[in-house]
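The analysis underlying the following values was restricted to heavy atoms, covering all of them including side chains, and did not include hydrogens, waters or symmetry mates.
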Amino acid sequence: EQRVVVQVLIDCDQMPSLYFNATGSIFRKWQGTDKRMLLYSLVLRNKQPNEPPMPICEMMSTEHNTEMISYMLFCLRMDLNRINRRGTAYFPCQLVITDFSWALIHSVFHSLNSALDVSTYLENTFQSMINNHAWRPATGVFICANHVIHILARKLNSMTKCSQYSFRNE
């Protein structure tokens, strides 16, 4: 069912943004290991009202590193390219929204953009925007606004605890 939905979106040239995150809060500690189990999910927004997002790629692991995450994403890319018979140079999504995890960000660039690294992506983007160079199509990464607000709120809260300033309760 997931492949069918993805295939329809690709055929219509309407592949939306994908959301990518890892969470460890849904698993208890596993017996015999000190590492926590993480669930990695790459999801599509569901266009049906009041329906949850649809995962198109998931993985469970006790590792949070670029190699493991890149492998998962590269397998997805290969599956989609096999379905579409487009070779490995093509990934149908232009944007992946994620949190501040360096491993997630680096893996998206590396796996979905033919081994593109972050500094090359930023340089290409800068040259395209400032010097009007041709844009080289790539899957970009946006940082989730909710994650930004959460980190900013935590930082501001910690700053108020060790200063004379405080937030008003309304």
Side-chain angles (χ1 to χ4, degrees), residues 1-27 30 33 35-48 51-129 134-151:
E1 183 180 326
Q2 294 163 323
R3 284 185 172 184
V4 170
V5 171
V6 171
Q7 184 62 48
V8 167
L9 291 170
I10 292 170
D11 290 345
C12 297
D13 202 25
Q14 295 181 356
M15 187 67 173
S17 301
L18 299 174
Y19 300 85
F20 188 34
N21 207 348
T23 183
S25 61
I26 61 174
F27 294 106
W30 284 70
T33 181
K35 293 184 176 185
R36 80 181 165 159
M37 182 64 70
L38 298 168
L39 172 65
Y40 293 89
S41 294
L42 185 66
V43 300
L44 284 169
R45 178 180 294 170
N46 197 324
K47 291 189 177 192
Q48 301 299 320
E51 291 292 324
M54 184 180 71
I56 63 166
C57 185
E58 292 181 300
M59 174 181 74
M60 291 189 317
S61 176
T62 58
E63 301 294 324
H64 185 70
N65 58 46
T66 302
E67 292 81 12
M68 183 66 70
I69 300 164
S70 293
Y71 178 75
M72 178 191 90
L73 293 175
F74 191 72
C75 288
L76 169 69
R77 180 176 165 197
M78 295 298 290
D79 285 347
L80 289 177
N81 291 340
R82 199 173 8 255
I83 291 168
N84 294 298
R85 295 181 173 87
R86 296 202 183 184
T88 61
Y90 174 78
F91 186 74
C93 178
Q94 294 180 350
L95 182 64
V96 175
I97 300 166
T98 189
D99 63 10
F100 286 99
S101 166
W102 171 248
L104 295 179
I105 294 168
H106 181 73
S107 295
V108 167
F109 282 123
H110 183 76
S111 301
L112 305 182
N113 290 304
S114 300
L116 181 70
D117 62 17
V118 175
S119 60
T120 304
Y121 174 81
L122 293 173
E123 179 64 28
N124 291 346
T125 303
F126 176 82
Q127 292 299 332
S128 174
M129 293 173 65
W135 172 249
R136 296 182 191 124
T139 300
V141 173
F142 275 22
I143 305 299
C144 172
N146 287 335
H147 284 89
V148 173
I149 291 168
H150 180 72
I151 287 176

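Side-chain contact between Met78 and Leu76 is absent, with no heavy atoms from C-beta onward closer than 4.5 Å. In this structure, Ser61 and Leu38 have side chains that are not in contact, with every pair of non-hydrogen atoms separated by 4.5 Å or more. By the 4.5 Å heavy-atom criterion applied to side chains, Leu18 and Ile56 are counted as neighbours.
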>> Walk me through whether Met54 and Arg45 qualify under side-chain contact (heavy atoms from CB on, under 4.5 Å).
In response: CA-CA 6 Å; Met54 184 180 71; Arg45 178 180 294 170; over 6 Å; no
>> Assess the residue pair Phe100 and Ile143 against the criterion (side-chain contact (heavy atoms from CB on, under 4.5 Å)); give the C-alpha distance rounded to whole Å, side-chain angles, the decisive distance to 0.1 Å, and a yes or no.
In response: CA-CA 7 Å; Phe100 286 99; Ile143 305 299; 3.7 Å; yes
> Can Thr139 and Val96 be said to form a side-chain contact (heavy atoms from CB on, under 4.5 Å), step by step?
Replying inline: CA-CA 7 Å; Thr139 300; Val96 175; 3.7 Å; yes
>> Assess the residue pair Tyr19 and Leu42 against the criterion (side-chain contact (heavy atoms from CB on, under 4.5 Å)); give the C-alpha distance rounded to whole Å, side-chain angles, the decisive distance to 0.1 Å, and a yes or no.
In response: CA-CA 6 Å; Tyr19 300 85; Leu42 185 66; over 6 Å; no
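Asn65 CG to Ser107 OG: the interatomic distance, rounded to the nearest 0.5 Å, is 8.0 Å. Summarising the geometry, atom CD1 belonging to Ile151 is positioned 11.5 Å from atom CG belonging to Asn146; distances are rounded to the nearest 0.5 Å.
Checked by atom type, the side-chain pair His64/Ser101 shows a donor-acceptor distance below 3.5 Å.
In this view, Glu63 and Lys35 satisfy the salt bridge (charged side-chain N to carboxylate O under 4.0 Å, His left out) rule, not counting sequence neighbours.
For the residue pair Gly24 and Arg36, the shortest heavy atom distance occurs at CA-NH1, 4.2 Å. Closest approach of Val43 and Pro55 over heavy atoms only: CG1-CA, 3.6 Å. Across every non-hydrogen atom of Glu58 and Met72, the tightest pair is C-SD, 4.2 Å. Pairing each heavy atom of Phe109 with each of Gly140, the nearest pair is CE2-CA, 4.5 Å. Contact between Leu44 and Ser17 at its shortest, heavy atoms only, is CD2-O, 4.3 Å.
Judged by distance alone, the side chain of Ser70 and the main-chain N or O of Thr66 form a donor-acceptor pair under 3.5 Å. Remark: the backbone N or O of Asn124 is not paired with any side-chain donor or acceptor of Ser128 at under 3.5 angstrom. At distances below 3.5 Å, not a single donor-acceptor pair connects side-chain atoms of Asp99 with backbone N or O atoms of His147. The backbone N or O of Thr120 sits less than 3.5 Å from a side-chain atom of Asp117, completing a donor-acceptor pair. Of the possible donor and acceptor atoms, one in the side chain of Thr98 sits under 3.5 Å from a partner among the backbone N and O of Phe20.
Test Asn113, Leu112, Val118 against Leu116 for side chain to side chain contact (heavy atoms under 4.5 Å, CB included) and you get one pass: Asn113.
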